[in-house]
Amino acid sequence: MARVLGKSALVTGAASGIGRATAILLAREGASVAVTDVDVERGQAVAEELGASAFFAELDVRDEQRWTAVIAEVGERFGGLDILVNNAGIIGFGPGFGTQDPETCSLRDWRAVHEVNLDGVFLGCQHGIRAMRQRGGSIVNISSRSGIVGIPFAVAYASSKAAIRNHSKSVALYCASKGYPIRCNSVHPAAIMTPMWEPLLGSGPGREERIAAFVKDTPLKRFGTAEEVASAVLFLASDESAYTTGIELSIDGGVLAGSAASPGS
């Protein structure tokens, strides 16, 4: 229970879902954790749950000045940064957004999704490299299955996640070429039961049917959990993956294995 003992971590979008599960697991495994999010109330609650080894910082990942300030606070509190998990993201569904298909998605919505998902990862990687280039560290970027395959009714989200996939490889190669002891990898979750799915699943009658419909082509026939994704992040954040950089790790129940057939069929 000490796979990242003595390390310091910053997790974006840590107030809920995969970010929350990751912050909890990193802390459980010995890391000091900066819990960051735009949701102040829930973010503070996560930090309080983690105890004295954690603190909350409000961070809109689109804001470069806030990145500078939060990274500086991590340095002051923890002595430096070892692990950066760029998790914050939006899908572009719900209040304030219109349709997300390639024919009718507005330029405003396209830009809004990319600003959070892609610009936020770009800024995180940039400031993470600057903070880690002397001491070394691990950057883990949360992409998606949607960054590997096309998604006809969530085009901005899919585009942003595909860009994260490629940018992670560029960061990995850049750091290696400069001799920086920094690794960068991407994680690609598919159907993971997090609040991001709620606008699609809804509530009340029909919810279970909609859940079953979303995973009917998943070989393992279920949604994954945020904790299962956090476990993959932990591996990439720890020294156990010291020779691993530039990879894309899919957490998808077998979807991208190339067959939707049920095991044994």
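These numbers were taken from a predicted model, which means no experiment stands behind them. Each residue takes its place number in the sequence, starting with 1.
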> Hey, does the side chain of His167 reach the backbone of Ala163 with a donor-acceptor pair shorter than 3.5 angstrom?
Replying inline: no
>> Whether the side chain of Thr12 engages the backbone of Thr36 through a donor-acceptor N/O pair (distance < 3.5 Å, no angle test) should be reported.
In response: no
> Counting only N and O atoms by type, is there a donor-acceptor contact under 3.5 Å from the side chain of Asn87 to the main-chain atoms of Gly13?
Replying inline: yes
> Glu58 and Phe56: which non-hydrogen atoms are nearest, and at how many Å?
Replying inline: N-CE2, 3.6 Å
>> Would you call the rings of Phe223 and Phe214 parallel, tilted or perpendicular, taking 30° and 60° as the class edges?
In response: perpendicular
> So how far is it from Ile247 CD1 to Thr244 OG1, rounded to the nearest 0.5 Å?
Replying inline: 5.5 Å
> Any side-chain heavy atom of Val215 sitting closer than 4.5 Å to one from Lys221?
Replying inline: no
>> What verdict does the side-chain hydrogen bond (donor to acceptor under 3.5 Å, both in side chains) test give for Asn141 and Ser168, after you've listed the backbone C-alpha separation in whole Å, the side-chain angles of each residue and the deciding distance to 0.1 Å?
In response: CA-CA 7 Å; Asn141 295 326; Ser168 300; 2.9 Å; yes
>> To the nearest 0.5 Å, what is the distance between CG on Asn117 and CZ on Arg62?
In response: 10.5 Å
> Is a side-chain N or O of Ser250 found less than 3.5 angstrom from the main chain of Asp252, in a donor-acceptor match?
Replying inline: no
> Which heavy-atom pair separates Ala237 from Val140 by the least distance, and what is that distance?
Replying inline: N-CG2, 4.3 Å
>> Hydrophobic cluster membership, with links at side-chain heavy-atom distances under 4.5 Å among I/L/V/M/F/W/Y: are Trp67 and Ile139 in one?
In response: yes
>> As a quick check of understanding, evaluate side-chain contact (heavy atoms from CB on, under 4.5 Å) for Lys7 and Glu29, giving each step before the final call.
In response: CA-CA 10 Å; Lys7 295 184 182 294; Glu29 292 290 341; over 6 Å; no
> Do you know which two heavy atoms are closest between Ala9 and Leu81, and how far apart they sit?
Replying inline: C-CD1, 4.0 Å
>> One pair to check against side-chain contact (heavy atoms from CB on, under 4.5 Å): Ser16 and Thr194. What are the steps and the verdict?
In response: CA-CA 8 Å; Ser16 63; Thr194 67; over 6 Å; no
>> Any non-hydrogen side-chain atom of Ile83 less than 4.5 Å from a side-chain atom of Val85?
In response: yes
>> Determine whether a donor-acceptor pair (N or O, by modelled atom type, separation under 3.5 Å) exists between the side chain of His188 and the backbone of Ser144.
In response: yes
>> Restricting to non-hydrogen atoms, name the atom on Val113 and the atom on Phe97 that form the minimum distance, rounded to 0.1 Å.
In response: CG2-CE2, 4.1 Å
> Would you say Ser106's side chain and Asp109's backbone share a donor-acceptor pair under 3.5 angstrom?
Replying inline: yes
> Are any side-chain N or O atoms of Lys161 and backbone N or O atoms of Ile142, one a donor and one an acceptor, separated by less than 3.5 Å?
Replying inline: yes
>> Evaluate Arg183 against Ser241 for side-chain contact (heavy atoms from CB on, under 4.5 Å), listing each step before the verdict.
In response: CA-CA 9 Å; Arg183 298 177 294 106; Ser241 59; 3.0 Å; yes
> According to a 4.5 Å side-chain heavy-atom criterion applied to Ile, Leu, Val, Met, Phe, Trp and Tyr, with indirect links allowed, do Leu50 and Leu25 form part of one hydrophobic cluster?
Replying inline: yes
> Are the charged groups of Asp37 and Arg42 less than 4.0 angstrom apart, N to O?
Replying inline: no
> Does one hydrophobic cluster hold both Val61 and Ile129, with members joined at side-chain heavy-atom distances below 4.5 Å?
Replying inline: yes
> What pair of heavy atoms forms the shortest contact from Gly43 to Ala15, and how long is it?
Replying inline: N-CB, 3.7 Å
> For Tyr174 and Tyr180, what are the C-alpha separation, side-chain angles and deciding distance, and is it a side-chain contact (heavy atoms from CB on, under 4.5 Å)?
Replying inline: CA-CA 9 Å; Tyr174 172 79; Tyr180 297 158; 3.9 Å; yes
> Charged N to carboxylate O under 4.0 angstrom, Asp239 versus Arg3?
Replying inline: no
> Taking atom types as modelled and ignoring hydrogens, do the side chains of Thr99 and Thr104 form a donor-acceptor contact shorter than 3.5 angstrom?
Replying inline: yes
>> If you compare all heavy atoms of Ile90 against all heavy atoms of Ala112, which two are closest, and at what distance to 0.1 Å?
In response: CD1-O, 3.8 Å
> Does any non-hydrogen side-chain atom of Leu249 lie less than 4.5 Å from one of Ser186?
Replying inline: no
> Taking the six-membered ring for Trp, is the centroid-to-centroid distance between Phe55 and Phe78 below 6.0 Å?
Replying inline: yes
> Hey, what do you get for CD1 (Ile71) to CG (Leu59), rounding to the nearest 0.5 Å?
Replying inline: 8.5 Å
>> Keeping Ser138 on the side-chain end and Leu236 on the backbone end, is there a donor-acceptor pair under 3.5 Å?
In response: yes
> Is it true that atom CZ of Arg207 has more than 12 heavy atoms of other residues, nucleotides or ligands lying nearer than 6.0 Å?
Replying inline: yes
>> According to a hydrophobic-cluster definition based on side-chain heavy atoms being under 4.5 Å apart (Ile, Leu, Val, Met, Phe, Trp, Tyr only), do Val11 and Val40 belong together?
In response: yes
> In Å, rounded to the nearest 0.5 Å, how long is the span from CZ of Arg130 to CD1 of Ile182?
Replying inline: 11.5 Å
> Would you call Glu248 and Lys169 a salt bridge, taking side-chain N to carboxylate O under 4.0 Å as the test?
Replying inline: yes
>> Measuring from atom CZ of Arg20 to atom CD of Glu227, what distance do you get when rounded to the nearest 0.5 angstrom?
In response: 8.0 Å
>> What I'd like to find out is whether the side chain of Met132 reaches to under 4.5 Å of the side chain of Leu84, using heavy atoms alone.
In response: yes
> Can we say Glu228 and Arg222 salt-bridge, meaning some charged N sits less than 4.0 Å from an Asp/Glu carboxylate O?
Replying inline: yes
> Out of curiosity, Ile164 CD1 to Phe122 CZ, how far, rounded to the nearest 0.5 Å?
Replying inline: 13.0 Å
> Can you get from Ile91 to Ile211 by hopping between Ile, Leu, Val, Met, Phe, Trp and Tyr side chains that sit under 4.5 Å apart?
Replying inline: yes
>> Using the rule given for side-chain hydrogen bond (donor to acceptor under 3.5 Å, both in side chains), can you reason through Ser8 versus Asp82, listing the C-alpha separation, both sets of side-chain angles and the distance that settles it, and then say yes or no?
In response: CA-CA 5 Å; Ser8 61; Asp82 301 300; 3.3 Å; yes
